[in-house]
Amino acid sequence: MVSRPKTSVGNWKLKRNIYISFFTLIVLGMGTFLYINQREVPIEQVFPGKIWSKPIANLPDLKGVGAPTAKNCGNCHTEIYEEWQKSTHANALTDIQFQSELAKPSSPKWICLNCHIPVQNQRETIITGLKNGDYFRPVEIPNPDFNPDMKAEGVTCATCHVRVDSQTKESYVIGGTGGTSPPHPIKIDRKQLLNRCYDCHNETYTLNESLVCSFQTGSELQATHSNQTCSSCHQPEVRRSFVKASLNKPVRTAHKHGFIGGGVPKRFDLYSDQIRLGYKPGIVLSAFKVQNDSIEIQIKNTNADHHVTTGDPERFYRLSIVGFDKIGKSIFQSETTIGQEWSWSPAAKKVNDTRIPSGEIFVWKVKPTELPVESYKFQAVHVRLKNITSNYMIQSSGYLTSPYKEKVENMKDLYPHSSIVIESSYQLKTKSRKDTTLEDLFKRNAERKGE
Ligand code: HEC
Ligand code: HEC
Ligand code: HEC
Ligand code: HEC
Ligand code: HEC
């Protein structure tokens with residue numbers, strides 16, 4: 001029999017204890033890691049004070065109306081519904097560019113949807129929190145009140161007009177007029193209605209290096225000390241009944257609901273309604289001076305109480321001047337742009353900004369050619385999407401599924417990229433200037449393709 005020395009037993013016990021402690025530590029570490037990693041953090045803790053971090057809570061059916069869909073509102077508010085259907089708001093989900101950007105693996109889809117389809121009833125799922133506070137890992141449960149028809153409605157009527165009463169738990173409509181007799185519950189709060197625009201149109205937020213939302217239209221307006229509201233210009237007044245004629249309601253001061261902006265609609269068939277629904281270029285050609293040794297072009301932001309361009313950082317104006325000889329052949333050309341410039345890596349950063357603040361003038365000086373120019377043609381084009389950007393979207397259409405995949409592949413034909421907003425000719429001999437009418441420009445815009 002061989003007796004094992006005591007020390008060896010001690011060693012073995014020590015080793016065993018070390019193994020156990022080591023193992024316990026690993027299990028504890030993994031547990032803590034899993035706990036932290038899987039722990040559900042409330043959205044408001046990750047995005048404190050951000051209205052867009054959550055949709056508007058599910059809205060129950062509205063008394064006298066039913067489901068609070070735009071289509072149902074349209075049963076009585078026929079003209080408003082018809083106008084809104086043509087708006088960018090109504091197209092905020094179906095927008096081909098939006099679908100393309102939404103599908104990118106780097107986009108936190110639920111955040112995008114909070115502004116583009118902002119009512120909970122429009123969403124398949126309710127987001128209860130974020131795993132470990134990570135905006136790429138929302139915790140989702142099915143939404144029992146999901147309404148697929150309402151989903152397609154984008155920034156629908158209820159976004160601005162319908163809320164739930166915290167006491168009765170019933171839906172009501174927010175109105176701005178008063179003294180009216182609707183069949184549905186109503187609360188009058190014009191200020192709330194008018195301020196609603198700021199929730200989405202006045203936000204700058206950098207989420208990661210490639211995602212930036214940069215809209216300062218609200219602050220730009222406030223800086224002008226103008227007494228106009230967004231709606232004064234984007235919802236022009238019109239005298240009419242609020243509802244269809246068969247309901248016999250009086251004619252009142254109403255507001256167009258086309259929410260026209262920069263004049264580049266989301267589909268070609270929408271061009272024909274831009275002017276009727278209130279489109280006006282923000283800029284005017286305030287001077288077109290041609291001298292022997294210089295051409296001076298002045299562009300004034302006359303009609304917008306915010307910068308032009310505003311909103312999406314990719315928008316800009318392209319100014320161009322072309323000189324023609326006696327037989328109408330182009331012999332001279334020059335171009336410049338007005339807008340923002342961003343560099344996207346390593347971090348999103350604005351590097352230049354030549355946009356025109358309200359009431360100010362952009363001066364463009366061009367050196368003329370020695371060649372025998374007889375006339376000049378000036379154009380200002382509002383560009384919403386560059387050709388290189390849509391090329392890139394077409395290349396990455398693999399992220400999308402039908403029907404948007406096919407739409408993105410054909411977006412050169414389906415998606416307006418830009419519009420001519422000013423065109424003017426100048427005859428050197430007679431020193432006379434002739435501007436093309438907005439109506440003529442928009443007929444041509446409907447036929448143009450690309451940037
Ligand atoms: C069954 C018809 C009907 C439906 C459906 C309907 N409304 Fe109305 N609504 C009216 C009538 C009638 C008035 C009052 C018009 C008047 O007195 O001039 C009105 C008034 C309003 C007003 C203005 C109130 C004020 O004083 O400012 C708003 C805003 C409004 N409705 C929004 C909506 C919205 C949003 C929906 C859909 C969720 C909707 N309505 C659905 C009939 C309807
Ligand atoms: C805070 C609200 C908000 C959030 C969040 C938001 N958007 Fe938008 N989005 C807007 C507004 C407002 C506009 C309109 C600005 C304009 O027309 O210039 C817009 C316009 C757009 C456009 C059209 C741009 C153009 O020039 O036509 C696209 C595409 C878009 N958003 C994609 C996204 C994607 C993708 C996300 C998520 C990463 C997102 N948005 C998140 C508010 C938001
Ligand atoms: C819930 C968010 C939200 C609210 C609130 C909101 N908007 Fe928008 N708005 C958007 C989004 C998103 C777009 C762009 C959709 C796109 O391009 O796909 C947009 C586009 C627009 C455009 C069109 C720009 C263009 O050139 O086509 C105008 C004008 C506009 N909004 C005005 C307003 C006004 C005025 C209000 C307030 C009465 C308002 N918006 C409230 C989200 C919102
Ligand atoms: C982006 C926000 C927004 C959306 C979306 C919107 N409205 Fe309005 N609406 C307003 C504002 C703001 C006013 C009040 C303007 C004022 O009183 O100066 C208004 C006014 C009204 C009025 C009162 C009459 C009038 O013209 O002033 C009715 C009725 C109405 N809206 C119905 C609708 C219906 C129906 C829809 C959808 C088809 C809709 N609205 C979509 C913001 C919105
Ligand atoms: C005094 C009139 C006026 C007021 C007030 C006004 N806008 Fe505009 N807005 C315009 C005009 C004009 C344009 C067209 C600019 C252009 O592209 O030439 C425009 C364009 C826009 C665009 C499209 C982007 C662009 O550069 O074309 C958006 C989005 C917009 N406005 C949102 C708003 C919001 C949100 C408010 C309120 C905070 C507001 N506007 C207040 C007149 C106004």
Side-chain angles (χ1 to χ4, degrees), residues 50-53 55-56 59 62 64-77 80-81 87-104 106-119 154-162 171 173-184 186 188 190 193-205 207 210-213 215 217 229-235 241-244 247-252 254-255 258-266 279 309-315 382 384-385:
K50 297 296 181 193
I51 293 170
W52 47 261
S53 68
I56 294 157
L59 300 167
L62 182 66
V65 175
T69 60
K71 193 159 173 269
N72 281 345
C73 310
N75 285 334
C76 302
H77 300 287
I80 291 180
Y81 177 63
S87 70
T88 306
H89 282 156
N91 289 289
L93 178 74
T94 53
D95 180 347
I96 300 177
Q97 191 189 344
F98 176 69
Q99 288 293 334
S100 164
E101 289 184 18
L102 185 73
K104 282 191 210 157
S106 62
S107 93
K109 301 182 177 37
W110 63 278
I111 298 185
C112 310
L113 296 173
N114 284 349
C115 285
H116 287 250
I117 43 169
V119 183
V155 180
T156 182
C157 317
T159 309
C160 302
H161 283 294
V162 187
S171 291
V173 170
I174 304 170
T177 309
T180 52
S181 48
H184 45 71
I186 190 110
I188 303 302
R190 181 155 186 255
L193 264 185
L194 296 177
N195 285 340
R196 176 72 173 119
C197 322
Y198 287 70
D199 294 344
C200 304
H201 287 273
N202 204 45
E203 181 59 291
T204 293
Y205 201 84
L207 207 52
S210 63
L211 287 170
V212 61
C213 134
F215 314 116
T217 314
T229 64
C230 311
S231 298
S232 332
C233 300
H234 293 288
Q235 297 190 267
S241 166
F242 287 2
V243 287
K244 59 188 176 189
L247 294 179
N248 283 317
K249 294 292 177 186
V251 168
R252 305 180 190 273
H255 300 86
F259 300 97
I260 303 297
V264 190
K266 293 288 165 182
Y279 174 68
T309 51
T310 190
D312 194 89
E314 233 198 298
R315 291 165 174 270
H382 181 125
R384 189 160 200 163
L385 186 63

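No experiment lies behind these values; they were computed from the predicted model shown. All ligand and atom numbering here is 1-based and tracks the order in the structure. Hydrogens, waters and symmetry mates play no part in the numbers below; they use all other heavy atoms, side chains included.
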Contact atoms of ligand 1, heavy-atom distance to N72 under 4.0 Å: 5 (C)
Where do C115 and V155 come nearest, in terms of heavy atoms and distance? O-CG2, 3.7 Å
Which heavy atom of L102 sits nearest a heavy atom of C112, and at what distance? CD1-CB, 3.7 Å
Identify the heavy atoms of C230 and Y198 that sit nearest to each other, and give their distance. SG-CE1, 4.3 Å
Going by the atom numbers of ligand 1, which of them fall below 4.0 Å from some non-hydrogen atom of K249? 12 (C), 16 (C), 17 (O), 18 (O)
Look at atom 19 (C) of ligand 3 and say which protein heavy atom is nearest, naming residue and atom and giving the distance to 0.1 Å. H89 CD2, 3.4 Å
Indicate yes or no: does an N/O atom of R384 lie under 3.5 Å from an N/O atom of ligand 2? yes
When you look for heavy atoms under 4.0 Å from ligand 2, do you find them on the side chain of F98, its backbone, both, or neither? both
So for ligand 1, is H161 a polar contact partner (N or O within less than 3.5 Å, distance only)? no
Using a 4.0 Å heavy-atom threshold (strictly under), name the region of L62 that reaches ligand 1: side chain, backbone, both or neither. side chain
At less than 4.0 angstrom from any non-hydrogen atom of C230, what atoms of ligand 3 do you find? 35 (C)
Nearest candidate to atom 36 (C) of ligand 2, where distance is taken over non-hydrogen atoms, out of C112, A103, S107, P265: C112
Is the shortest N/O to N/O distance between T177 and ligand 1 below 3.5 Å? yes
Counting from 1 in the order shown, the ligand 2 atoms closer than 4.0 Å to a non-hydrogen atom of C115 are 1 (C), 2 (C), 3 (C), 4 (C), 5 (C), 42 (C), 43 (C)
Structural part of R196 in contact with ligand 3, heavy atom criterion under 4.0 angstrom: both
Is it the side chain, the backbone, both or neither of T159 that has a heavy atom closer than 4.0 Å to ligand 3? side chain
Test log, rule side-chain contact (heavy atoms from CB on, under 4.5 Å), inputs Q99 and I96: CA-CA 5 Å; Q99 288 293 334; I96 300 177; 5.8 Å; no
S231: numbered ligand 3 atoms lying under 4.0 Å from its heavy atoms: 38 (C)
For F259, the ligand 3 atoms with a heavy-atom partner under 4.0 Å come out as 22 (C), 23 (C), 28 (C), 29 (C)
Does the residue S181 have a heavy-atom contact with ligand 1, meaning some pair of atoms that are separated by less than 4.0 Å? yes
Hey, is Y205 touching ligand 2 through its side chain, its backbone, both or neither, going by heavy atoms under 4.0 Å? neither
Could you tell me which atoms of ligand 3, counted from 1 in the order shown, lie closer than 4.0 angstrom to a heavy atom of D95? 16 (C), 17 (O), 18 (O)
Under 6.0 Å from the NZ atom of K71, do we count more than 12 heavy atoms belonging to anything else shown? no
Short N/O distance, under 3.5 Å, between V162 and ligand 1? no
For a 4.5 angstrom cut-off between non-hydrogen side-chain atoms, does P55 reach V119? no
Quick note on ligand 2: atoms under 4.0 Å from a heavy atom of G311 include exactly 18 (O)
Nearest non-hydrogen contact with atom 4 (C) of ligand 3 belongs to which option: G262, P118, C200? C200
Closer than 3.5 angstrom, by distance alone: can the side chain of S171 be matched with the main-chain N or O of L62 as a donor-acceptor pair? no
So, T229 side chain and L194 main chain: donor-acceptor pair closer than 3.5 Å or not? no
Where the closest heavy atom to atom 25 (C) of ligand 3 is concerned, which of H234, R315, Q99 has it? R315
Mark the output for I186 as yes if a heavy-atom distance to ligand 1 is under 4.0 Å, and as no if none is. yes
Between L59 and A158, which heavy-atom pair has the shortest distance, and what is it? CD1-CB, 3.7 Å
Atom pair NZ/SG of K244 and C76 - distance to nearest 0.5 Å: 5.0 Å
Which atom pair, heavy atoms only, marks the closest approach of H184 to V173? ND1-CG2, 3.5 Å
Measure the distances from the heavy atoms of I111 to every atom of ligand 2 and state whether one is below 4.0 angstrom. yes
With atom 32 (C) of ligand 3 as the reference point, say which of H201, H255, Q235 has the nearest heavy atom. H201
Does D312, backbone or side chain, put an N or O under 3.5 Å from an N or O of ligand 2? yes
Of the backbone atoms (N, CA, C, O) and the side-chain heavy atoms from C-beta on, which set of I260 has a member under 4.0 Å from an atom of ligand 3: side chain, backbone, both, or neither? backbone
Strictly under 2.8 Å, is any N, O or S atom of C73 next to atom 8 (Fe) of ligand 1? no
Does ligand 1 have any atom sitting under 4.0 Å from a heavy atom of L193? no
Numbered atoms and elements of ligand 1 in range of G178, under 4.0 angstrom, heavy atoms: 25 (C), 26 (O), 27 (O)
Can you list the ligand 2 atoms lying under 4.0 Å from a non-hydrogen atom of Q97? 25 (C), 27 (O), 29 (C)
Are the side chain of R190 and the backbone N or O of G178 linked by a donor-acceptor pair below 3.5 Å? no
Looking at atom 8 (Fe) of ligand 1, which N/O/S atom of H77 is the nearest one? NE2
Does a side-chain heavy-atom distance below 4.5 Å link F242 with K249? no
What atoms in ligand 1 come closer than 4.0 Å to a heavy atom of I174? 29 (C)
In ligand 1, the atoms that come under 4.0 Å of a heavy atom of I188 are 25 (C), 26 (O), 27 (O)
Please state whether the separation between atom 8 (Fe) of ligand 3 and some N/O/S atom of C197 is under 2.8 Å? no
Show the atoms of ligand 1 that are less than 4.0 angstrom away from any heavy atom in P183. 1 (C), 2 (C), 3 (C), 10 (C), 11 (C), 12 (C), 42 (C), 43 (C)
Is the backbone of V243 close enough, under 3.5 Å, to the side chain of H77 for a donor and an acceptor to pair up by distance? no
Report yes or no: does K266 have a heavy atom closer than 4.0 Å to ligand 2? yes
Closest non-hydrogen contact found for G66 with N72 is C-ND2, 4.2 Å
Would you say C76 reaches atom 8 (Fe) of ligand 1 with an N/O/S atom under 2.8 Å? no
If we only count N/O pairs under 3.5 Å, is T69 in contact with ligand 1? no
Check against side-chain contact (heavy atoms from CB on, under 4.5 Å), H201 and T310: CA-CA 10 Å; H201 287 273; T310 190; over 6 Å; no
Are T88 and D95 close enough that some pair of their side-chain heavy atoms sits under 4.5 Å apart? no
I'd like to check whether T88 has a polar contact with ligand 3, where a contact means an N/O of the residue lying under 3.5 Å from an N/O of the ligand. yes
Polar contacts were defined as any N/O atom of the residue lying under 3.5 Å from an N/O atom of the ligand; does this apply to T180 and ligand 1? yes
Measure from atom 8 (Fe) of ligand 2 to each N, O or S atom of H116 and report whether any distance is below 2.8 Å. yes
Short list, please: which atoms of ligand 1 are under 4.0 Å from a heavy atom of V173? 28 (C), 29 (C), 30 (C), 32 (C)
